[in-house]
Amino acid sequence: MKIAVVGGGPGGLYFALLTKKARPDWDIVVFEQNRADDTFGFGVVFSDETLGEFLDRDPQSYDELKTAFAYWDDIIIRYKGEEARCGGNGFAGCSRIALLNILQARCRALGVDLRFQTVVEHPTSLAGYDIVVGADGVASRVRERFKDRFRPEVRMNRNKFAWMGSTRPLDAFTYFFKETAHGVICAHTYQYQAGMGTWVIEMGPETWSALGFADMDEEASARTLEAIFAEELAGHPLIVNRSLWRNFPRVSCERWWHDNIVLLGDAKATAHYSIGSGTKLAMECAIALADAITAKAEASLPTAFEAYEGARRTAVEVTQHNADV
C-alpha cells in the first residue's frame with residue numbers, strides 16, 4: 001500500500017513509524033509544511049499509562065524519549081497563599097522539539113519518506129495514494145476541504161491564552177491562580193526538561209482587555225506578566241516563542257473518515273490544554289489507527305477506519321468532556 005500522511009507532528013510521525021515498522025513493504029510518505037527543526041510551544045505531557053504504551057509499541061523510540069523526560073507525581077493548585085497538592089498521578093514532560101527529533105530519526109531509520117517544507121493544499125493532489133491521513137492540526141486543510149463529509153464543529157473558547165516558557169524550577173504540574181484588580185489569571189505550568197518549563201497563561205476576555213494585552217506584542221505581554229507573577233516566577237523570566245494571544249478552538253467531527261481519507265490528532269478533535277492531553281491523544285490515536293490499518297486495510301478500508309473510530313471515539317470524547325469541565 002501507499003500511504004500519505006499530511007502533517008509531521010507527533011501523531012503523524014508516530015503513525016508513520018508504527019505502520020512502517022509493522023509493514024516495511026509499504027510506502028509511507030510524511031508531508032510537513034514546516035522545516036524539520038521548526039516547532040512552536042515548549043513542552044508536552046504524557047501520563048504513566050501512555051508511556052507504558054510507548055514502551056510496548058516501539059522500545060527503541062521509548063528508550064530515547066525516556067532520557068528526555070522530566071517526571072513528577074503531584075498536581076498543585078496555588079491560590080491566595082494556599083496550596084492544595086494531589087499526589088500519585090504519574091506524569092512526564094518532554095520538550096516538543098526533542099520529541100519531534102526522536103520520532104523523525106526513528107522514521108528515517110525505518111524507511112519512512114519525510115518531506116519537509118511541502119504544503120498539501122488539497123487531498124486530490126495525492127490521488128496516487130491508497131490512504132491519506134489528515135494529521136495537519138487544528139486548522140486542518142484536509143478536514144476543511146471535505147467538511148461536508150467530516151461535519152466538524154469548531155467552537156472557540158472565550159478565554160484568552162498565550163503559550164510561554166520559563167527557567168523557573170518546578171517539581172509538580174502547578175496551577176498558579178493570581179487575582180488582579182481586573183480579574184483572575186491562571187498560569188498552567190510544568191517542567192519538561194532541566195532548566196525549562198511551560199507556562200500557559202489564561203484569563204477571561206474582560207481581564208485581558210482591561211489589562212491592555214490587546215495592544216501589546218509578545219515581549220510586552222511577557223514583561224507585564226512577569227510583573228504580575230513576580231512572586232511565582234521567583235526572579236526567573238518568561239520566554240516567548242510565537243507566544244501570541246489566542247482563543248482555544250474546541251474541534252469535534254461527526255465522522256473521522258471519508259473515502260480513503262482519515263483524520264488524526266487535532267484535525268479531528270482537540271482537548272483543552274488544562275489537562276495536558278493533546279499530544280497524548282494524538283499519539284494514542286496514532287497507535288489505534290496503525291493497528292487498524294495494518295490489520296484490516298488491505299481487505300477493506302472502511303472496515304479499518306471503522307475499527308479505528310470505534311476504538312478511540314469514546315476515549316477522545318471522555319477526555320474532551322473532562323477538559324471542558
Exercise: identify the closest heavy-atom pair between [X] and [Y]:
{"X": "Ser221", "Y": "Trp245", "result": "OG-NE1, 2.9 Å"}
{"X": "Ile28", "Y": "Val112", "result": "O-CG1, 3.7 Å"}
{"X": "Gly88", "Y": "Asp74", "result": "N-OD1, 4.0 Å"}
{"X": "Trp163", "Y": "Ser243", "result": "O-OG, 2.6 Å"}
{"X": "Phe54", "Y": "Leu65", "result": "CD1-CD1, 4.4 Å"}
{"X": "Asp63", "Y": "Lys66", "result": "O-CG, 3.3 Å"}

No-hydrogen, no-angle side-chain donor-acceptor test under 3.5 Å, Ser274 and His272: yes

Pair Thr19, Trp26: side-chain N/O donor-acceptor within cut-off below 3.5 Å: no

Measure up the [X] and [Y] rings against each other and bin them: parallel (under 30°), tilted (30 to 60°), perpendicular (over 60°).
{"X": "Phe173", "Y": "Tyr175", "result": "tilted"}
{"X": "Phe176", "Y": "Trp199", "result": "parallel"}
{"X": "Phe177", "Y": "Tyr79", "result": "perpendicular"}

[X] [atom1] to [Y] [atom2] distance, which is reported to the nearest 0.5 Å:
{"X": "Phe161", "Y": "Ile185", "atom1": "CZ", "atom2": "CD1", "value": "15.5 Å"}
{"X": "His258", "Y": "Lys147", "atom1": "NE2", "atom2": "NZ", "value": "14.5 Å"}
{"X": "Thr198", "Y": "Gln191", "atom1": "OG1", "atom2": "CD", "value": "10.0 Å"}
{"X": "Phe15", "Y": "Leu264", "atom1": "CZ", "atom2": "CG", "value": "7.5 Å"}
{"X": "Asn260", "Y": "Ile3", "atom1": "CG", "atom2": "CD1", "value": "10.5 Å"}
{"X": "Leu51", "Y": "Asp56", "atom1": "CG", "atom2": "CG", "value": "12.5 Å"}

Please determine if [X] and [Y] form a salt bridge, counting it only when a charged side-chain N lies under 4.0 Å from a carboxylate O.
{"X": "Glu206", "Y": "Arg158", "result": "yes"}
{"X": "Lys2", "Y": "Asp113", "result": "no"}
{"X": "Lys178", "Y": "Glu232", "result": "yes"}
{"X": "Asp136", "Y": "Arg141", "result": "no"}

Lys268 charged N/C atom sitting above Trp256 aromatic ring, 6.0 Å / 45°: yes

Cation-aromatic face contact Lys280/Phe46, 6.0 Å, 45 degrees: no

Is a side-chain N or O of [X] found less than 3.5 angstrom from the main chain of [Y], in a donor-acceptor match?
{"X": "Gln33", "Y": "Val119", "value": "no"}
{"X": "Lys20", "Y": "Pro24", "value": "yes"}
{"X": "Asp215", "Y": "Gly212", "value": "no"}

ILVMFWY network linking Val120 to Ile261, side-chain heavy atoms under 4.5 angstrom: yes

Test item: Lys160 and Phe213 side chains (from C-beta on) under 4.5 Å apart, heavy atoms: no

Glu231 atom CD: more than 12 heavy-atom contacts under 6.0 Å: no

Residue Glu82 excluded, over 12 heavy atoms near CD under 6.0 Å: no

Worked check of salt bridge (charged side-chain N to carboxylate O under 4.0 Å, His left out) between Asp291 and Arg57: CA-CA 10 Å; Asp291 284 351; Arg57 296 301 179 137; 2.7 Å; yes

